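First the structure, in the form of structure tokens, and then the observations on it.
Treat the numbers as computed from the prediction; the structure is a model and nothing was measured. Numbers here are sequence positions counted from 1.
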Amino acid sequence: MRGLLFLLSLLLFSGQVFAYDLVLPREKKSTVSSNYAFFVGKAKNTEVITINDEKVFVASNGAFAHSVKLKDGENRIVVKSNFSTQVYKFTRKKSCVSAKPVFVPFEAKKYKVKKDNTPLRSTPIDYGMNRISHLFKDTVLILDGSQGDFYRVKLSKNKTAWIMKSAVEEFDCDCFVPQFVTMNSETFKNASLHIIEFTGKLPYTIDETDDEIIFKVYNPFQSEDSVYTLNIKKPEKYSYKTELCDGKYSFKINHLPEQWTVVIDPGHGGSEKGAIGCLGDKEKDINLQIAFELKEILTQKGINAVMTRECDANVSLDDRVKLAHDNCANIFVSIHLNSIPDIKMDVHKNRGTSVYYYNPNSKELAKSVQNSVTAITGTRRDGVRTASFAVIRPTDYVGILVETAYMTNPLDSVLYKSESFAKNTAQGIADGILHFVN
């Protein structure tokens, strides 16, 4: 009997030694390039946790998260509770600043684009909000210099752009002198179609003001002064699509129809888990729960709702966009939960609902959805922002990406772990969509 009691006490003690459970970091020794080490996990009710002698906030459900600033070289971080002590070692690689590539001018040459949907950018950087159009295969460009991995594109006397070197090849046809042929416009019940014909494929840009969409085609006569400009009055709720065939640019503006389709995109899935929460929850699972609730709400209101995935499956970004196009989506909503980036964590600031959009036609929907979700769920308003996410870049639907809450914030974990969160969030998104449409 005495031996049994000793064994039970030993088991109880060993259970308490590692009473808190760390989801992050996964390794006790690691080499990183980040500025902060991030600790995420769950504590027992009776535990007081400190990290490098700084007391850590623990939410009512035991969730906690804490960041530690790293210096170059080795960093020793001690995680303590009243039951145990664990030591983590991070070796931060010294950051090296690369020299900015130098611009090298050269005599203007003609190149052509290798494939469709090639980004034309406002700066020589391969990311961010700098896409000004997506060029078609065999579009002929005038290039006059290089910088790093980019060529500079001569659009007009006062306007240049940038394109990846790997996206173009030299074009030797000196006889290529495209010219403007004709322009026609038609107006329909829920759309307007503008067809501009040239004798060759040329670069274009699309700009928007409060009242107009401005469509420009450059170099019609292979001249820096030749720009064809089409100003189109902007509808209140719209999407648009640009196509090019045999020198004919078709620029179609669609008004939101009476019967419309919403594509619901539960982020991640399959091997892509997304963010991992303080309690070990996977973002992909919560995204899917919200998506199912949203589909049910919209369907009950007579709205055609389609999901990009209905199970725990891998779906590529291209396939998500293709499904939206195949279903003639008018509105696209991508559902996610956020994670805290490489910054010092503030448990009261780095939390809440944020909504992202790329094209100006989606800004009002983003604002409407954030207002309604935060009102119903009680999450903090974390902002409406622009971002270059692949699923919301297409212009032929109104697209937003909703970060409903922060997986790695202890306070938000109390909300998203509640039984009502998925349904309330879905109701908020649905209300935001209906407010935008109506």
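Using a 4.5 Å heavy-atom cutoff, the side chains of Glu310 and Phe292 are in contact. Residues Phe332 and Val391 form a side-chain contact, since some pair of their non-hydrogen atoms from C-beta on lies under 4.5 Å apart. When side chains are defined from C-beta on, Ile335 does not count as touching Asp265, because their heavy atoms never get closer than 4.5 Å.
Distance alone, capped at 3.5 Å, is enough to place a donor-acceptor pair between the Asn359 side chain and the Arg393 backbone. Using modelled atom types, no side-chain atom of Thr242 and backbone atom of Phe251 make a donor-acceptor pair closer than 3.5 Å. With hydrogens and angles ignored, the 3.5 Å screen pairs no side-chain donor or acceptor of Asp396 with any backbone N or O of Tyr240. The main-chain N or O of Ile340 is found under 3.5 Å from a side-chain atom of Thr408 such that the two form a donor-acceptor pair. Side-chain atoms of Glu283 come within 3.5 Å of backbone atoms of Leu337 as a donor-acceptor pair (strictly under, hydrogens ignored). Without hydrogens or angle criteria, Thr379 side chain to Gly352 main chain gives no donor-acceptor distance under 3.5 Å. A distance-only check finds a donor-acceptor pair linking the side chain of Asn75 to the backbone of Gly73 [under 3.5 Å]. With hydrogens and angles disregarded, no donor-acceptor distance shorter than 3.5 Å links the side chain of Thr50 to the backbone of Lys55. Between the side chain of Lys234 and the main chain of Thr209, a donor-acceptor pair closer than 3.5 Å is present.
Residues that satisfy the salt bridge (Lys or Arg N to Asp or Glu O under 4.0 Å) test with Lys69, not counting sequence neighbours, are absent from this structure. Partners of Glu364 under the salt bridge (Lys or Arg N to Asp or Glu O under 4.0 Å) rule, at least two apart in sequence or in another chain, are Lys367.
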- So Lys241 and Glu243, salt bridge (Lys or Arg N to Asp or Glu O under 4.0 Å) or not? Walk me through it. CA-CA 7 Å; Lys241 188 172 184 178; Glu243 294 181 330; 3.6 Å; yes
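Residue Asp431 qualifies as enclosed at atom CG: its count of foreign heavy atoms under 6.0 Å is above 12. Counting heavy atoms of neighbouring residues, nucleotides and ligands inside a 6.0 Å radius, atom CD of Glu169 exceeds 12 of them. By the 6.0 Å contact criterion, NZ on Lys417 is open, its count of non-hydrogen atoms from other residues, nucleotides or ligands being 12 or less. Heavy atoms from other residues, nucleotides or ligands lying under 6.0 Å from NE2 of His435 number 12 at most. The environment of NZ in Lys284 is crowded: more than 12 heavy-atom neighbours from other residues, nucleotides or ligands sit within 6.0 Å. Applying the 6.0 Å contact sphere to CD of Glu170 captures more than 12 heavy atoms from other residues, nucleotides or ligands. More than 12 heavy atoms of other residues, nucleotides or ligands lie within 6.0 Å of CG in Asp72, so this atom counts as buried by the packing criterion.
Checked options Leu294, Leu288, Val315, Asp285; the residue passing with Pro266 is Leu288 (criterion: side-chain contact (heavy atoms from CB on, under 4.5 Å)). Tested against Asp144, the residues Lys109, Arg152, Lys154 include a single side-chain hydrogen bond (donor to acceptor under 3.5 Å, both in side chains) partner, Arg152. Of the residues Phe57, Tyr88, Tyr20, the one that meets the ring pair (Phe, Tyr, Trp, His ring centres under 6.0 Å) test with Phe39 is Tyr88.
Closest approach of Tyr356 to Ala387, counting heavy atoms only: CD2-CB, 3.5 Å.
Seen from the ring of Phe436, Lys237 counts as a face-on cation partner, given the 6.0 Å and 45° thresholds. A cation-pi arrangement is present between Lys165 and Tyr151 under the rule of less than 6.0 angstrom and at most 45 degrees off the ring axis.
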